[in-house]
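Down below is the structure, laid out as structure tokens.
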Amino acid sequence: EVVLFIVGGTKKEIEKYKRKSKENIYFIEFQKQEKVPIYLKAADILVLPNSATEEISKSYTSPLKLFEYMASKRPIVASNLSSIREIVNENDVLFFRPNDEKDLALKIEKLIYDKALQNRLIKNAYRKVKNYTWEKRAKKIVDIFKYR
């Protein structure tokens, strides 16, 4: 019932995963940045599957992809990691246990059938992402150096 598109990766990576995948999974290699919004808007649900096995991903990553997802006005399913929770909470995304594909599948299924939840998450995430523009980030950096 569900078709999954995975966008990004090298030809070698895609071939590796294609061999293990099912018929309803499609791989699209790395895309130029200007094409990314097209793929985001085409999606019904966006997934941010950061891993908990790497400390940098778990605790320190600045999730730029998350900001793109939030701005796209699509519901998001994200790994429940501190690096992501620094930006969003349960009002903005639906969390799943990192590295747990069964929990991820359950959360995607929940979102597919719960339009009210989709709409609430979209609205909250979009409102929040307005606080994370490049202009606001640059101003914070300038302010740090201004007062030293």
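In this structure, the side chains of L117 and L111 come closer than 4.5 Å at one or more pairs of heavy atoms. Residues I87 and F67 meet the side-chain proximity criterion, which asks for heavy atoms closer than 4.5 Å. For the pair L4 and N24, the minimum side-chain heavy-atom distance is 4.5 Å or more. Two residues are said to be in side-chain contact when any heavy atoms from C-beta on lie closer than 4.5 Å; D92 and I76 fail this criterion. Counting heavy atoms from C-beta outward, K128 and N91 have side chains that stay 4.5 Å or more apart. Side-chain contact between I45 and I112: present, with at least one pair of heavy atoms (C-beta onward) separated by less than 4.5 Å. Annotation: side chain of F5 is not in contact with side chain of Y39 (no heavy-atom distance under 4.5 Å).
Taking CD1 of I141 as the reference point, atom CZ of R137 lies at 5.0 Å (rounded to 0.5 Å). Of the inter-residue distances, the one linking K35 atom NZ with I28 atom CD1 reads 10.0 Å to the nearest 0.5 angstrom. Between E68 atom CD and L46 atom CG the span is 10.0 Å, to the nearest 0.5 Å. A distance of 10.0 Å separates NZ of K11 from NZ of K18, quoted to the nearest 0.5 Å. Summarising the geometry, atom OH belonging to Y132 is positioned 6.5 Å from atom NZ belonging to K140; distances are rounded to the nearest 0.5 Å. From K136, atom NZ reaches atom CG of D143 across 13.0 Å, with rounding to the nearest 0.5 Å.
Heavy-atom minimum distance, L121 versus V93: CD2-N, 3.6 Å.
Taking hydrophobic clusters as Ile, Leu, Val, Met, Phe, Trp and Tyr residues chained together by side-chain heavy-atom distances below 4.5 Å, L106 does not share a cluster with F96. Following chains of ILVMFWY side-chain contacts shorter than 4.5 Å, one can reach L40 starting from V129, so the two form part of one hydrophobic cluster. Under the 4.5 Å side-chain heavy-atom criterion for Ile, Leu, Val, Met, Phe, Trp and Tyr, V3 and I108 are members of distinct hydrophobic clusters. Tracing side-chain contacts under 4.5 Å through hydrophobic residues (I, L, V, M, F, W, Y), one never reaches I6 starting from Y26; they form parts of separate clusters. Transitive grouping of hydrophobic side chains (ILVMFWY, heavy atoms separated by less than 4.5 Å) brings M70 and L64 into a common cluster.
With respect to E90 and R85, a salt bridge is recorded, a charged nitrogen being found less than 4.0 Å from a carboxylate O.
Side-chain atoms of E13 come within 3.5 Å of backbone N or O of T10 as a donor-acceptor pair. At distances below 3.5 Å, not a single donor-acceptor pair connects side-chain atoms of N80 with backbone N or O atoms of F95. Judged by distance alone, with hydrogens and angles left aside, the side-chain atoms of Q118 form no donor-acceptor pair with the main-chain N or O of P75 at under 3.5 Å. Between the side chain of N124 and the backbone N or O of R120 there is at least one donor-acceptor pair closer than 3.5 Å. With K65 contributing its side chain and L48 its backbone, the two residues share no donor-acceptor pair below 3.5 Å. Side-chain atoms of Q31 come within 3.5 Å of backbone N or O of E29 as a donor-acceptor pair. Judged by distance alone, the side chain of D103 and the main-chain N or O of D100 form no donor-acceptor pair under 3.5 Å. The main-chain N or O of L81 is never found under 3.5 Å from a side-chain atom of S79 such that the two would form a donor-acceptor pair.
Figure legend: R74 and Y126 shown without cation-pi pairing, the cationic atom not lying both under 6.0 angstrom from the six-membered ring centre and within 45 degrees of its axis.
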Evaluate side-chain contact (heavy atoms from CB on, under 4.5 Å) for T53 paired with N99, printing each intermediate quantity in order. CA-CA 8 Å; T53 59; N99 306 89; 3.8 Å; yes

